[in-house]
Amino acid sequence: MPERRVTVQAEVGLHARPAATFVQRAAQAPIAVTVAKGGGEPVNAKSILSVLALDVRQGENVVISAEGEGAEELLDELAAIASAP
Amino acid sequence: MSTIVLAPVAGTALALAEVPDPVFSAGMVGPGVAIDPERRAGPVVAPVDGKIMKLHPHAFVIVGADGRGVLVHLGIDTVQLKGEGFELLAAEGDRVRAGWPVVAWDPAGIEATGRSPICPVVALDAASADVSGIAAGSVSVGAPLYTWR
């Protein structure tokens with residue numbers, strides 16, 4: 001399955017604005033998207049509750065995965081959001 | 001099954017659109033309502049029965065038995081305070097009833113740092129249509145704030 005591994009750069013981690021932006025973009029996609037922290041269990045990237053529960057801090061790695069039409073472009077965008085400072 | 005979400009603090013209910021933060025005001029986190037709190041130090045209470053899934057000094061999420069999560073964010077940009085001005089009264093993972101204290105704070109102290117003490121109370125992963133009966137005007141702590149269908 002196509003995936004991207006990125007380091008979260010935002011000082012607040014994948015919370016607040018980065019989390020909301022990330023989830024909003026994922027939720028627009030017609031395909032399933034997951035995000036996992038480090039080697040952990042993937043969660044639904046379209047759920048703000050799930051993403052906040054992951055509790056990704058600045059400097060931690062996430063793996064974003066999706067499969068299907070538009071997956072590569074979607075993953076590029078989500079990776080850019082997750083790794084934005 | 002519907003959930004009555006209670007006011008975590010006393011104050012004046014405001015539409016999320018009035019929150020001075022584009023992420024909350026655009027509803028990107030979810031639908032709900034904000035409270036402009038009374039400028040009086042005191043406890044912030046759980047808006048629903050459930051488990052404290054995440055507890056930061058400036059924000060917490062409580063997840064009910066039905067899996068619904070409610071976010072209470074204490075002021076805007078308050079993550080920058082790194083906990084200063086907040087006191088935890090519960091622990092992450094605790095099960096609480098609606099109305100139980102979770103954090104103590106002083107909204108006037110937050111305001112004195114130049115930040116807004118407005119508290120968004122957000123229904124996570126909900127659609128706007130799922131939230132109704134939104135309170136307007138003055139609300140007491142623990143009073144019904146909205147219904148999440």
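Each chain gets a letter, A, B and so on, in the order the sequences are listed, and its residues count up from 1. Side chains are part of it too, since the values below use all heavy atoms of this structure and drop only hydrogens, waters and symmetry mates.
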Seminar exercise, completed: Residues A:Leu78 and A:Ala26: closest non-hydrogen pair is CD2-N, 3.9 Å
Problem set entry | Within-4.5 Å side-chain heavy-atom neighbours: B:Val103 and B:Leu88 | yes
Seminar exercise, completed: When the 4.5 angstrom heavy-atom criterion is applied to B:Met28 and chain A, the contacting part is both
Exercise. Where on B:Val29 is there a heavy atom nearer than 4.5 Å to chain A: the side chain, the backbone, both, or neither?
Worked result: both
Exercise. Which members of residues 8-20 of chain B, sorted by number, sit under 4.5 angstrom from chain A on a heavy-atom basis?
Worked result: none
Problem set entry | side-chain hydrogen bond (donor to acceptor under 3.5 Å, both in side chains) contacts touching residues 26-37 of chain B (sequence neighbours left out) | B:Asp36-B:Arg39
For this session: May I ask whether A:Ile81 and B:Val23 are part of the same hydrophobic cluster, defined by side-chain heavy atoms of I, L, V, M, F, W, Y residues being less than 4.5 angstrom apart, directly or through others?
Result: yes
Exercise. Say you draw a straight line from CZ of B:Phe24 to CG of B:Leu71; how long is it, rounded to the nearest 0.5 Å?
Worked result: 5.5 Å
Problem set entry | Per-residue contact mode, B:Val63 against chain A (heavy atom under 4.5 angstrom) | side chain
For this session: For residues B:Val139 and B:Ile35, determine if any side-chain heavy atom of one lies less than 4.5 Å from a side-chain heavy atom of the other.
Result: yes
Seminar exercise, completed: Shortest non-hydrogen pair, B:Ala46 vs B:Ile62, comes out as CB-CD1, 3.4 Å
Exercise. Taking side chain as C-beta onward, heavy atoms only, is A:Leu52 less than 4.5 Å from B:Leu124?
Worked result: yes
Problem set entry | side chain to side chain contact (heavy atoms under 4.5 Å, CB included) against A:Ile31, all qualifying residues, sequence neighbours excluded | A:Ala29, A:Ala66, A:Ala71, A:Leu74
Show me the donor-acceptor pairs under 3.5 Å between chain B and chain A.
from     : atom 1 : to      : atom 2 : distance (Å)
B:Lys54  : NZ     : A:Asp55 : OD2    : 3.1
B:Asp125 : OD1    : A:Ile48 : N      : 2.7
B:Asp125 : OD2    : A:Ser47 : OG     : 2.6
B:Asp125 : OD2    : A:Leu49 : N      : 3.4

Exercise. Within a strict 4.5 Å, meaning less than it, do heavy atoms of the B:Pro43 and B:Leu89 side chains meet?
Worked result: yes
For this session: Provide the closest heavy-atom pair for B:Phe60 versus B:Pro47 in the form atom of the first, atom of the second, distance.
Result: CE1-CD, 4.0 Å
